[in-house]
Amino acid sequence: MRTITAAAAAALVALPFVPLSSAASSTMEAAAAGARPPMGWSSRSLGCSVSEASVRQAADALAPLAPLGYRYVIVDDCWLAPQRASGALAPDPARFPGGIKALADYMHGKGLKLGLSLSAGTKACAGGGPGSYKNEAADAAQVKEWGVDYVKYDWCTIPTADFPGQNVQQIAQTLYPPMRQALGGDVVFAMNNEDGSTVPWLWGKDAGATTWRTNVYNRPIADAYATMVDIWEFNQLRAEYAGPGSWADPDLIQAGRGGMTDTEYRTQVTLWAMGAAPLILQADPAKAPPAIVANPKVIAVDQDTLGAHGRLVKSDGWYHVVSKPLAGGDRAIALFNESDRAATISTRIGGSRYRVEELWSGAVSSSASELAAQVPAHGALLYRVSESREQAPPLVTFEADPPRFLGEDRPSVLEPGRTGEIVTRVTNTGATGRLRDLEVTAAAPQGWQVTARTPARKSRLDGGETFTVTWAVTPPADAALQNHDLTFSLGGQSATAVVTVAKAPGSGRTYLSDLAWTRVKNYFGPVEKDTSNGERAAGDGRPITMEGVTYPKGLGTHSPAEIEYYAGGRCSTVEFHAGIDDEVGAAGSAGFEVWADGGRVAYSGLLTGAMPARKVTASIEGARYIRLVATNGGDNATSDHADFADAAITCQ
């Protein structure tokens, strides 16, 4: 979790609140009463290639999910004809030749519902169609006549000049309520004013919005883990404003699009369910993995009739505990590990006896007071907790290769052909009974050797006690330099240690361009070895040259850039000549840094394309990892071709 994100969001929350009239507020609350977060599919990924045929095809794929709540098929822009027909909205005749009413009838025949996007401004956001500005009543009547069940009301092409002296929040509070009132309470009203300057969380409920977006920047969610987490953090900051009938909307579910892992997609669905968020799929419903989007117990948390938005009860920046009260007295608790390494997350759940069900795996256990589990990197576990005297087995916390210190966020490292150690821990966390006849076993990739150095069996484990096993682990000499999974089993439970196989440099002085890096980032194109960065294509660099001096070895980057190497604690010095390559002339500027584990140990100062190379030498004694970093000099990054010439590392 990044502090700057919360600070930026808090600044927006502090914008002035402009209340609606009490009459409008009461009308809108009545219209929204009893609703649950909408579920369905959006055509956003299709863009303006959307068509009547593609929407029907998506509906056919979504229909099997309708019993779980996925009912809304939402056409997101590009459905409108360029011009109105006799003053009325009309569908694009090429994309939707059968018309919207026929499409709505098709949805209703499958037990689904139809959604359309409209714009509060003078034009639609995409596709060139008209907006609903000053046509709210007529447009609402038109879509209702067609049988539309859901309107996504966008914030595009707003004629701000018509509202002199008003800020965007005030304009939005003028433009959104008329469409809500004209649609009536039987149509879902998704207020999609993504521009965070309108602070919709402060007034969306009073405006009658079924959902309101929680972004503070105007762009859709990307199919990427970091972006998803950022948006979740923004969404959590709006928790106090959300509730039954007026839901915080952090944007679409990405599962099935391919940009994240299954673990990360499960995390998104978990966090969205805890926030009582709309569950609207962006991927083709046929490609959305059922194990992730169609878990009925997870969906039940999202659709719970109490309608509560889950709140953070514990967080230290990387490890989060979110709790959500459920109808009937149960609680949902999510343990979310934002970091890049598996970690154990715990929280107290009270002083009674509890039934604890992890909803993704279905595992049921009992606990007297505590909930704890090892959560995979980027993963989230979701529990339903209820007071119960049910005789379930005690909750067991099974850890493989736990972090050695709080905040350690990268896998342990093993070197090819060298023996290292991995630890497993078993804790009787539930403490509702004694565990008996425990045995931990290991499974590793072919060619690996894994042997228990301490006993792997224990006859009994009382409440609160921990059983630790130390394992000797040796990767083969030819093991691939990448992450590998080691799986440990305890009865029906398993725990996975993700370990990195990396090779430290040999003794003496070695050019870094002759070594394999462990991580790399570059602004344009790839980092090049022994040439300049060149342009975007791989291998298009030239000999590294600064102020007329050519260097046969080195690394060519385009700042901002980072290159990381594993040093294994056996190296002493990194050195290079830093500067801007002659291929960009006198343009460009950058700073050059060396980082040893978590601290900066050398800095070149700001260098420009008009300056000669500068020698940088850094002490890296004892460092496991070192990073070469090129930072932007504060100007346009277009010409920042930053060279680490003759970059070398000296090791024992």
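Numbers here simply count residues along the sequence, with the first being 1. Predicted model, so just to flag it, every value in this text is computed and none were measured. Atom set for the values below is all heavy atoms of this structure, side chains included, hydrogens, waters and symmetry mates excluded.
- Every residue meeting the ring-ring contact (aromatic ring centres under 6.0 Å, His included) condition with Tyr625, not counting sequence neighbours, appears here in chain and number order: Tyr566.
- For the side chain to side chain donor-acceptor pair (under 3.5 Å) criterion with Arg213, the lone passing option out of Asn235, Asn192, Asp154 is Asn192.
- Legend: residues meeting salt bridge (charged side-chain N to carboxylate O under 4.0 Å, His left out) with Lys324, ordered by chain and number and at least two apart, are absent.
- Remark: Arg44 pairs with Asp76, Asp251 by the salt bridge (charged side-chain N to carboxylate O under 4.0 Å, His left out) rule, at least two apart or across chains.
- Applying the side-chain contact (heavy atoms from CB on, under 4.5 Å) criterion to Pro476, with sequence neighbours excluded, gives Trp448, Asp478, Ala479.
- With sequence neighbours excluded, the residues forming a salt bridge (charged side-chain N to carboxylate O under 4.0 Å, His left out) with Arg410 are Glu564, listed by chain and number.
- Put simply, the side chain of Lys314 gets close to the backbone of Ser346: a donor and an acceptor are under 3.5 Å apart.
- Across every non-hydrogen atom of Ala456 and Val469, the tightest pair is CA-CG2, 3.9 Å.
- Remark: the His378 side chain and the Asn337 side chain contain no N/O donor-acceptor pair separated by less than 3.5 Å.
- No option in Ile74, Leu252, Leu62 other than Leu62 meets the side chain to side chain contact (heavy atoms under 4.5 Å, CB included) test with Leu281.
- Here the CG-OG1 distance, from Leu490 to Thr424, works out to 9.0 Å after rounding to the nearest 0.5 Å.
- Judged purely by atom type and a 3.5 angstrom limit, Glu358 uses its side chain to pair as donor or acceptor with the backbone of Leu382.
- Between the side chain of Gln236 and the main chain of Glu233, no donor-acceptor pair closer than 3.5 Å is present.
- Looking only at atom types and distance, the side chain of Ser51 has a donor-acceptor partner in the side chain of Ser54 under 3.5 Å away.
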Test side chain to side chain contact (heavy atoms under 4.5 Å, CB included) applied to Leu486 and Val499, step by step: CA-CA 8 Å; Leu486 305 178; Val499 297; 4.2 Å; yes
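- Side-chain atoms of Arg71 and Met39, non-hydrogen and from C-beta on, never get closer than 4.5 Å to each other.
- For the salt bridge (charged side-chain N to carboxylate O under 4.0 Å, His left out) condition, the pairs that include at least one residue of residues 458-476, sequence neighbours left out, are Arg434-Asp462.
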Steps toward side chain to side chain contact (heavy atoms under 4.5 Å, CB included) verdict (Glu390, Arg355): CA-CA 7 Å; Glu390 178 180 332; Arg355 180 185 188 272; 2.9 Å; yes
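- Using a cut-off of 4.0 Å between Lys/Arg side-chain N and Asp/Glu carboxylate O, Glu387 and Arg353 are scored as not salt-bridged.
- Of all heavy-atom pairs between Phe189 and Gly208, the closest is CD2-O, 4.2 Å.
- The closest donor-acceptor contact from the side chain of Asp249 to the backbone of Thr214 lies at 3.5 Å or more, if one exists at all.
- Not a single donor-acceptor pair under 3.5 Å links the side chain of Glu370 to the backbone N or O of Ala368.
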Can you give the donor-acceptor pairs under 3.5 Å from side chains of residues 392-407 to other protein atoms, not counting sequence neighbours?
| unit_1 | atom_1 | unit_2 | atom_2 | d |
| --- | --- | --- | --- | --- |
| Thr397 | OG1 | Ala372 | O | 3.1 |
| Thr397 | OG1 | Thr429 | OG1 | 2.5 |
| Glu399 | OE1 | Thr344 | OG1 | 2.4 |
| Glu399 | OE1 | Arg425 | NH2 | 3.2 |
| Glu399 | OE2 | Arg425 | NE | 3.2 |
| Asp401 | OD1 | Arg341 | NH2 | 3.3 |
| Asp401 | OD1 | Ser412 | OG | 3.2 |
| Asp401 | OD2 | Arg341 | NH2 | 3.2 |
| Asp401 | OD2 | Ser412 | OG | 2.8 |
| Arg404 | NE | Glu408 | OE2 | 3.4 |
| Arg404 | NH2 | Glu408 | OE2 | 2.7 |

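- The two residues Ala66 and Leu112 come nearest to each other via the heavy atoms CB-CD2, 3.9 Å.
- Applying the ring-ring contact (aromatic ring centres under 6.0 Å, His included) test to Trp471 and every residue at least two apart in sequence or in another chain returns Phe488.
- Here the side chain of Thr419 pairs no donor or acceptor atom with the backbone of Val473 at under 3.5 angstrom.
- A donor-acceptor contact under 3.5 angstrom links the side chains of Tyr106 and Asp60, judged on distance only.
- A donor-acceptor contact closer than 3.5 angstrom is absent between the side chains of Glu264 and Thr267.
- Side-chain atoms of Glu338 and His320 include a donor-acceptor pair closer than 3.5 Å.
- Summarising the geometry of Ala502 relative to Thr518, their closest heavy-atom pair is CB-CG2, 4.4 Å, with the distance given to 0.1 Å.
- In this structure, Tyr319 has its ring center at least 6.0 angstrom away from the ring center of Phe336.
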Given the rule in the side chain to side chain contact (heavy atoms under 4.5 Å, CB included) test, do Trp232 and Val322 qualify, once you have shown the distances and angles that lead to the verdict? CA-CA 12 Å; Trp232 169 72; Val322 185; 4.0 Å; yes
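- For the pair Gln303 (side chain) and Pro37 (backbone), a donor-acceptor distance under 3.5 Å is present.
- A search for ring-ring contact (aromatic ring centres under 6.0 Å, His included) contacts involving Tyr265 returns nothing, not counting sequence neighbours.
- Between Arg311 and Glu240 there is a side-chain heavy-atom pair separated by less than 4.5 Å.
- Using modelled atom types, one side-chain atom of Trp41 and one backbone atom of Ala283 make a donor-acceptor pair closer than 3.5 Å.
- Rounding to the nearest 0.5 Å gives a distance of 9.0 Å between CD1 of Ile253 and CD1 of Ile280.
- Closest approach of Met191 and Pro200 over heavy atoms only: CE-CB, 3.7 Å.
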Could you tabulate the donor-acceptor pairs under 3.5 Å formed by side-chain atoms of residues 291-298, not counting sequence neighbours?
| unit_1 | atom_1 | unit_2 | atom_2 | d |
| --- | --- | --- | --- | --- |
| Asn295 | OD1 | Lys297 | N | 3.0 |
| Asn295 | OD1 | Val298 | N | 3.1 |
| Asn295 | ND2 | Leu359 | O | 3.0 |
| Lys297 | NZ | Glu357 | OE2 | 2.5 |

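- A side-chain hydrogen bond (donor to acceptor under 3.5 Å, both in side chains) check over residues 480-497, counting only residues at least two apart or in different chains, returns the pairs Asn483-Thr500.
- A search for salt bridge (charged side-chain N to carboxylate O under 4.0 Å, His left out) contacts involving Asp149 returns nothing, not counting sequence neighbours.
- When every heavy atom of Gly147 is checked against every heavy atom of His108, the shortest pair comes out as O-CE1, 3.2 Å.
- Looking at heavy atoms from C-beta onward, Thr454 lies out of side-chain contact with Thr468 at the 4.5 angstrom threshold.
- Counting heavy atoms from C-beta outward, Ile221 and Pro250 have side chains that stay 4.5 Å or more apart.
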Just do the side chain to side chain contact (heavy atoms under 4.5 Å, CB included) check on Arg238 and Trp212 with the steps written out, would you? CA-CA 10 Å; Arg238 320 288 178 247; Trp212 34 269; 4.0 Å; yes
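- Listed for the Tyr354 side chain is a donor-acceptor partner under 3.5 Å among the backbone atoms of Ile349.
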